[in-house]
Amino acid sequence: MKKSLKILLIVAASFLLVVAFYGYHSCRALSLDPGFLSQEEVRSSESALDMLIYSKNFPQGLACGEVPRYMREDNFDPKELLEVGATADFFFKLHEIPGRQTEYELSQRYVRDSLEGELRSTWGEGTVFTHYSKADSCFRVSKEITAESADSVVALMTDFSGNSSLYVGKRKNGVVTECVACKWRDGHCDEVISESKMELDSVSGKMLSFASKTRKTDVEGSLQVDDEFYADKMLFDSLQRPVLYEFEGKVFRYEYSSNDTADYSVNIFDESKRKVAFYKRNFKENREIVKYGGKRYEMEITRYYENGKIVKEISDEIWFYKFVNSRTKLFDAAGNSVLDSSFYEDTFLPGWRYSPYSIITKHEYGENGKLKSYAQYKESYRRDFPFVFLPLHFESRDKIGKLVLDYDEAGHLKSVTDSTMLRIVFSNEKLENLKECKEPFF
């Protein structure tokens with residue numbers, strides 16, 4: 001009887017421990033779900049961490065108009081190779097018909113030109129980037145005019161709906177430190193939609209503060225303007241490190257462990273002095289190790305250098321109760337990415353893993369350093385049971401796309417081809433005008 005009772009107690013205790021363990025993690029997972037009230041608090045703390053990371057780009061200047069390349073995704077975009085005075089036509093392959101030659105249909109056109117004539121008289125020296133997008137039998141048009149000088153930058157952007165916004169930026173010491181955006185109607189600004197400014201010390205040129213306010217969002221390429229401004233503000237110390245961040249009425253403080261700007265650790269606290277996020281960076285011989293995160297996710301990045309140039313980057317990203325991502329990047333001697341491999345798995349409670357897959361991107365470069373091809377693959381895997389310690393089984397490898405780039409003898413890009421669906425033809429000739437749509441686009 002006593003032996004049976006002991007066994008029963010052990011089983012009951014083990015069961016209660018398992019229930020308590022998974023009960024805790026289930027409650028924590030629900031607390032981090034976007035549908036719960038804690039979401040506002042989580043989003044604010046993540047914004048404070050994002051701003052800490054974003055502020056490291058401030059020495060390169062504020063974004064005023066087109067988003068700088070260093071702030072975009074790593075995905076390859078052929079139209080970014082478009083030179084001034086050139087046109088890129090995107091032809092998509094139509095459905096193949098047996099016995100007939102495969103046909104392509106013009107779907108998009110991108111044109112980049114220098115500002116000339118009346119446009120140059122109005123805006124100064126710069127470029128106009130025009131995007132034509134086919135809609136049935138006509139093309140909708142969006143434009144981006146940019147003009148830069150030693151002390152200013154101007155960008156006029158018109159979306160497919162015909163809405164225009166003007167961005168006017170001021171430079172100091174070669175970088176954009178102020179930017180104001182407004183609605184552009186009938187040749188003038190009639191409503192401010194965003195402002196941003198970095199204040200610099202007049203003697204040292206170091207950052208003292210950053211402030212911005214905006215009421216615009218971009219929805220599927222069209223400008224949406226809200227009724228109220230959303231404002232934020234940052235203050236910096238003498239080492240140009242952020243020490244305070246105000247966002248939507250909340251205040252966050254950054255506390256550093258030392259004055260070392262290379263190896264350092266910073267914790268982010270809210271108004272109640274609770275730690276809500278962290279960021280750490282240190283160097284060990286030829287490695288740079290960065291760790292940061294908050295309530296919902298953590299990231300660790302290790303970068304390897306040789307002769308001062310990056311050769312490899314390994315990162316591990318965990319979004320608690322959602323997914324994990326392990327990523328490896330390899331670089332050539334010129335710093336170009338040659339391999340980018342990411343492995344993803346969805347997760348929920350500790351130990352559970354399911355839907356594993358990998359995305360692999362390869363870049364090949366020629367002797368002149370120009371990109372020759374861009375290929376991307378997806379590999380699918382499975383586990384016999386969704387538990388992390390069970391082995392993975394390879395299932396399939398599918399080519400998402402492979403682009404081959406062709407250049408002329410002078411090194412100018414002639415075409416980008418994806419044999420499965422796409423051909424992009426680059427030309428320096430003036431092509432025929434496309435029929436623009438007359439009906440408004442909503």
(message) Taking the basic N atoms (NZ, or NE/NH1/NH2) and the acidic carboxylate oxygens, is any pair closer than 4.0 Å for K414 and D408?
(response) no
(message) Any carboxylate oxygen within less than 4.0 angstrom of a Lys/Arg side-chain nitrogen, looking at K378 and D398?
(response) no
(request) Please state whether the rings of Y344 and Y357 are parallel, tilted or perpendicular, taking 30° and 60° as the class boundaries. (result) parallel
(request) Step through the shown structure and confirm whether more than 12 heavy atoms of other residues, nucleotides or ligands are within 6.0 Å of CZ on R303. (result) yes
(message) Going by the rule ring pair (Phe, Tyr, Trp, His ring centres under 6.0 Å), which residues pair with Y354 if we only count those two or more places apart in sequence or in a different chain?
(response) none
(request) May I ask you to say whether R383 pairs ionically with E345, meaning some side-chain N is under 4.0 Å from a carboxylate O? (result) yes
(message) Looking at E306, I'd like to know if its CD atom is crowded, meaning that more than 12 non-hydrogen atoms belonging to other residues, nucleotides or ligands lie closer than 6.0 Å.
(response) no
(message) If you count heavy atoms of other groups shown closer than 6.0 angstrom to CD of E271, is the number above 12?
(response) yes
(request) Check ring pair (Phe, Tyr, Trp, His ring centres under 6.0 Å) between F283 and all other residues, then give those that pass, not counting sequence neighbours. (result) none
(message) Heavy-atom count check: over 12 atoms from other residues, nucleotides or ligands less than 6.0 Å from K197 NZ?
(response) no
(request) List in chain and number order the residues that pass side-chain hydrogen bond (donor to acceptor under 3.5 Å, both in side chains) with K280, two or more places apart in sequence or in another chain; answer none if no residue qualifies. (result) none
(message) Would you say that more than 12 heavy atoms from the other residues, nucleotides or ligands in this model lie under 6.0 Å from the CG of N307, or not?
(response) no
(request) Please determine if R327 and D340 form a salt bridge, counting it only when a charged side-chain N lies under 4.0 Å from a carboxylate O. (result) yes
(message) When you compare the side chains of R112 and T127, does any donor N or O come within less than 3.5 Å of an acceptor on the partner?
(response) no
(request) Using only heavy-atom distances, determine whether the side chains of Y374 and H363 contain a donor-acceptor pair under 3.5 Å. (result) no
(message) Would S272 and D270 count as a side-chain hydrogen bond (donor to acceptor under 3.5 Å, both in side chains) here? Give the steps.
(response) CA-CA 5 Å; S272 61; D270 63 12; 2.8 Å; yes
(request) State which residues pass ring pair (Phe, Tyr, Trp, His ring centres under 6.0 Å) with Y297; sequence neighbours excluded, sorted by chain then number. (result) W319
(request) Take the angle between the ring planes of F58 and Y54 and call it parallel below 30°, perpendicular above 60°, tilted in between. (result) perpendicular
(request) Measure from NZ or CZ of K213 to the centre of the six-membered ring of F229 and say whether it is under 6.0 Å with the direction within 45° of the ring axis. (result) yes
(request) Mind jotting down which residue pairs meet the salt bridge (Lys or Arg N to Asp or Glu O under 4.0 Å) criterion with at least one end in residues 361-373? Sequence neighbours excluded, please. (result) E364-K372
(request) Show your working on side-chain hydrogen bond (donor to acceptor under 3.5 Å, both in side chains) between T158 and K143 and close with a plain yes or no. (result) CA-CA 5 Å; T158 304; K143 288 181 180 289; over 6 Å; no
(request) Take F278 and E298, measure what side-chain contact (heavy atoms from CB on, under 4.5 Å) needs, and give me the verdict at the end. (result) CA-CA 9 Å; F278 71 94; E298 289 186 6; 4.2 Å; yes
(message) Looking at E246 and K233, is any side-chain nitrogen of the basic one under 4.0 Å from a carboxylate oxygen of the acidic one?
(response) no
(request) Without swapping roles, check the side chain of S358 against the backbone of S342 for a donor-acceptor pair under 3.5 Å. (result) yes
(message) Are V416 and V404 packed together at the side-chain level, in the sense that at least one heavy-atom pair is separated by less than 4.5 angstrom?
(response) no
(message) Salt bridge check, K134 against E105: does any charged N sit closer than 4.0 Å to a carboxylate O?
(response) yes
(request) In sequence, state the C-alpha distance, the side-chain angles, and the governing distance for E379 and Y377, and then conclude on side-chain hydrogen bond (donor to acceptor under 3.5 Å, both in side chains). (result) CA-CA 7 Å; E379 294 183 342; Y377 306 87; over 6 Å; no
(message) Tell me whether R171 is salt-bridged to E148, with the criterion being a basic N under 4.0 Å from an acidic carboxylate O.
(response) yes
(message) Does either side chain, that of T87 or that of S427, offer a donor lying less than 3.5 Å from an acceptor on the other one?
(response) no
(message) If we count only N and O atoms by modelled type, under 3.5 Å, do the side chains of E395 and S380 hold a donor and an acceptor together?
(response) no
(message) Is it the case that the side chains of H393 and D384 hold a donor-acceptor pair, with the cut-off being a distance below 3.5 Å and no angle test?
(response) yes
(request) Walk me through it: do V324 and R353 pass the test side-chain contact (heavy atoms from CB on, under 4.5 Å)? (result) CA-CA 9 Å; V324 294; R353 296 286 192 276; 3.9 Å; yes
(request) Please report the shortest heavy-atom distance between F252 and A48, naming the atom on each side. (result) CG-CB, 3.8 Å
(request) For K435, look at atom NZ and say whether over 12 heavy atoms of other residues, nucleotides or ligands are found less than 6.0 Å away. (result) no
(request) Show your working on ring-ring contact (aromatic ring centres under 6.0 Å, His included) between W352 and F385 and close with a plain yes or no. (result) CA-CA 9 Å; W352 289 88; F385 188 78; 5.7 Å; yes
(message) Tell me whether the NZ or CZ atom of R140 lies within the 45° cone about the ring axis of F160 and under 6.0 Å from its centre.
(response) no
(message) Using a 3.5 Å distance criterion without hydrogens, assess whether the side chain of Y245 forms a donor-acceptor pair with backbone atoms of L235.
(response) no
(request) Determine whether the side chains of S326 and D316 contain a donor N or O and an acceptor N or O closer than 3.5 Å. (result) yes
(message) Checking Y292 now: which residues fulfil ring pair (Phe, Tyr, Trp, His ring centres under 6.0 Å) with it, not counting sequence neighbours?
(response) Y279
(request) Please check if any side-chain donor atom of S257 sits under 3.5 Å from a side-chain acceptor atom of S265, or the reverse. (result) no
(message) Main chain of R241, side chain of D237: is a donor-acceptor contact present, judged purely on distance under 3.5 Å?
(response) yes
(request) Determine whether the side chains of N163 and S161 contain a donor N or O and an acceptor N or O closer than 3.5 Å. (result) no
(request) State, to 0.1 Å, how close C179 and Y167 come at their nearest heavy-atom pair, and which atoms those are. (result) SG-CD2, 4.1 Å
(request) May I ask you to decide if Q60's main-chain N or O and N57's side chain share a donor-acceptor pair within less than 3.5 Å? (result) no
